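So that the names make sense, note that chain A is the first sequence line, chain B the second, and so on, each numbered from 1. From a predicted model like this one, the values you see are computed outputs, not experimental measurements.
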Amino acid sequence: MKVDLTRILLMTFFFVIPVIGIWLGQSSPALRGRIPLIVAFFAGIIPIIALYVPKNFLSGQEGMSTRLGQWLIIVAGFALLLGVVNVIQNSSRKIARRDSGWLFSAVLVTGLLITGSFGIWGAVSHHGIGFMPDGSPTPFKWVEDRIFQPLQSTIFSLLAFFMASAAFRAFRARNTEATILLVAAGVVMAGRVPLLEFLAAPVPALHPAAASGSLFLGSLTEWVMNTPNGAAQSGIIIGAALGAASMAIRVILGIERGYLGLGAGEQG
Amino acid sequence: MANRDPLTFVAARETVRSAYLAEGRPDLYREEMVNYVTYDQFAFTAAVSARMVRERPAAIFLIGYFFAESLILAETGQSVGAIQIAGQADPTQLPFFVATCDYTLIGEELYAASAYLSREPILLGSIRGQDIYKALCILVGLAGVVAASMGNTWIARILQTK
């Protein structure tokens with residue numbers, strides 16, 4: 001009989017050890033508090049090792065890291081259910097208490113139940129959530145196309161107005177930095193659109209000068225975006241990557257444990 | 001505290017609970033303070049913006065990974081007069097936060113914030129290690145620039161990604 005090492009190890013790390021820990025934790029609360037740290041350690045360290053050790057039992061198609069990824073999808077499915085339950089609980093509480101904005105909660109719960117039932121109907125009737133055999137949309141698809149997508153587009157289109165008000169505030173030349181920002185933004189905006197050609201359109205004699213001016217502004221824009229802006233962005237990305245790696249190491253080693261409801265120095 | 005990701009929602013709840021506990025006011029903590037909203041980008045934006053307008057909070061923390069919704073959220077927060085602190089590791093939305101928020105945690109500052117606030121020696125040590133490593137990266141980068149300028153590309157080849 002072929003022994004599946006990856007399955008045995010994963011079951012040991014994520015089932016046997018936690019169960020033994022919970023059992024032993026009945027008499028020792030301190031030990032019980034450490035079990036999530038051990039699980040987090042294995043869940044964090046396995047993908048990292050798999051990245052550097054190209055062995056089949058780690059990073060292969062049925063390797064530990066790949067299986068962990070699949071488990072994550074399953075856990076995410078259950079977590080989503082938890083989220084939906086939380087939404088229903090909170091909204092129901094609001095409606096029952098007649099808190100401020102309870103009508104919005106009523107609309108939310110109604111929408112959730114109607115859309116959810118359409119989705120379940122699609123699964124039960126084997127029509128899915130796309131189109132019916134005759135090409136007409138399923139009720140779920142109809143809700144998505146006729147209600148959900150337009151609402152999304154509405155929120156997204158608000159961005160234009162918010163951008164205008166933010167730009168107005170940001171581009172006021174209050175100090176040296178704001179003035180540099182204003183000038184750089186002006187150059188980049190002028191370099192991205194054929195502004196000079198537009199301005200020179202009524203005067204044909206100015207067309208060649210406008211075209212060469214546009215070319216210059218275009219190359220200046222590229223320089224601003226690639227050199228000072230690119231350099232600053234690279235610095236931020238390198239710093240953030242190091243910060244993220246450092247944070248990951250802190251979580252894997254159990255130094256940072258706020259996510260468990262324990263302070264950094266607490267011995268769980 | 002509104003959550004977009006159901007996977008991190010429980011961890012967020014525990015973090016907030018422990019913060020109330022650490023400040024000696026566990027009685028003020030209520031579970032509904034940390035709630036799940038939705039995974040969808042603009043539905044989340046609409047829900048959180050509406051909540052800002054209804055509840056008019058004194059302070060808003062926009063911490064995490066934001067896309068087009070960053071400006072909608074930050075501008076709504078600005079319009080209700082809240083003090084706003086934003087933080088994002090990725091630089092794409094940082095200009096919007098800098099323009100609209102009172103304070104912005106840029107890049108690595110986001111990850112250093114917990115060490116800075118708690119003053120835990122181990123956390124501060126990891127920040128120190130990070131700084132040393134960053135200094136080494138800068139030195140290697142400068143050495144690479146000098147070497148490449150002199151026609152030697154071996155450092156560039158070592159640092160090259162696939």
So how far is it from M247(A) CE to I127(B) CD1, rounded to the nearest 0.5 Å?
8.0 Å
Neighbour count >12 (heavy atoms, 6.0 Å) for atom CZ, R146(A)
no
F148(A) portion near chain B, given a 4.5 angstrom heavy-atom threshold:
side chain
Who wins among V87(A), V84(A), T154(A) for the most heavy-atom pairs under 4.5 Å with chain B?
V87(A)
About how many Å separate CG of D90(B) and CD1 of I237(A), when rounded to the nearest 0.5 Å?
6.5 Å
Does CD1 in I129(A) sit with more than 12 non-hydrogen atoms of other residues, nucleotides or ligands closer than 6.0 Å?
no
Looking only at heavy atoms, which two atoms of P91(B) and Q233(A) are closest? And how far apart?
CG-OE1, 3.6 Å
Do S114(B) and R250(A) make a side-chain contact, defined as non-hydrogen atoms from C-beta onward lying under 4.5 Å apart?
yes
Check whether E69(B) gets within reach of chain A through its side chain, its backbone, both or neither, counting any heavy atom under 4.5 Å.
neither
Working to the nearest 0.5 Å, report the span between CD1 of I132(B) and CG of L242(A).
12.0 Å
Under 4.5 Å from any heavy atom of chain A, what part of R13(B) do you find: side chain, backbone, both or neither?
side chain
Can you tell me if Y29(B) has over 12 outside heavy atoms packed within less than 6.0 Å of its OH?
yes
How long is the span from the CD atom in E31(B) to the CD atom in Q89(A), to the nearest 0.5 Å?
8.0 Å
Which answer fits A46(B), side chain, backbone, both or neither, if we ask what part of it has an atom under 4.5 Å from a heavy atom of chain A?
both
From CD (E32(B)) to CG (D99(A)), nearest 0.5 Å
9.0 Å
Taking atom CZ of R128(B) as the centre, report whether more than 12 heavy atoms of other residues, nucleotides or ligands fall under 6.0 Å from it.
no
Quick check: do F162(A) and T76(B) have side-chain heavy atoms less than 4.5 Å from each other?
yes
What option among Q41(B), E109(B), Q130(B) has the most heavy-atom pairs under 4.5 Å with chain A?
Q130(B)
To check you understand the geometry: which heavy-atom pair defines the closest contact between I155(A) and I72(B), and what is its length?
O-CD1, 3.4 Å
Determine whether more than 12 heavy atoms belonging to other residues, nucleotides or ligands lie under 6.0 Å from atom CG of L51(A).
yes
Quick check on L94(B) against chain A: is it the side chain, the backbone, both or neither that has a heavy atom closer than 4.5 Å?
side chain
Interface check, chain B: of G235(A), S91(A), S100(A), A76(A), most non-hydrogen pairs under 4.5 Å belong to A76(A)
Can you tell which part of T100(B) gets under 4.5 Å to a heavy atom of chain A, answering side chain, backbone, both or neither?
both
Per-residue contact mode, A244(A) against chain B (heavy atom under 4.5 angstrom):
both
Measuring heavy-atom distances to chain B, does F104(A) have an atom under 4.5 Å in its side chain, in its backbone, in both, or in neither?
side chain
What residue, out of A170(A), A166(A), A245(A), has the most heavy-atom pairs lying under 4.5 Å from chain B?
A166(A)
Just checking I122(B): does its CD1 atom have more than 12 heavy atoms from other residues, nucleotides or ligands closer to it than 6.0 angstrom?
no
Let me confirm one number: the CD-OG distance from E256(A) to S118(B), rounded to the nearest 0.5 Å.
7.5 Å
Which region of V98(B), side chain (C-beta onward) or backbone (N, CA, C, O), has a non-hydrogen atom less than 4.5 Å from a non-hydrogen atom of chain A, or is it both or neither?
neither
Residue A68(B) versus chain A: region with a heavy atom under 4.5 Å:
both
Given side chain to side chain contact (heavy atoms under 4.5 Å, CB included), test E120(B) with I255(A) step by step and report yes or no.
CA-CA 10 Å; E120(B) 257 321 300; I255(A) 298 166; over 6 Å; no
For each of I238(A), N86(A), L151(A), N90(A), tally heavy-atom pairs with chain B at distances under 4.5 Å, and name the one with the top tally.
N86(A)
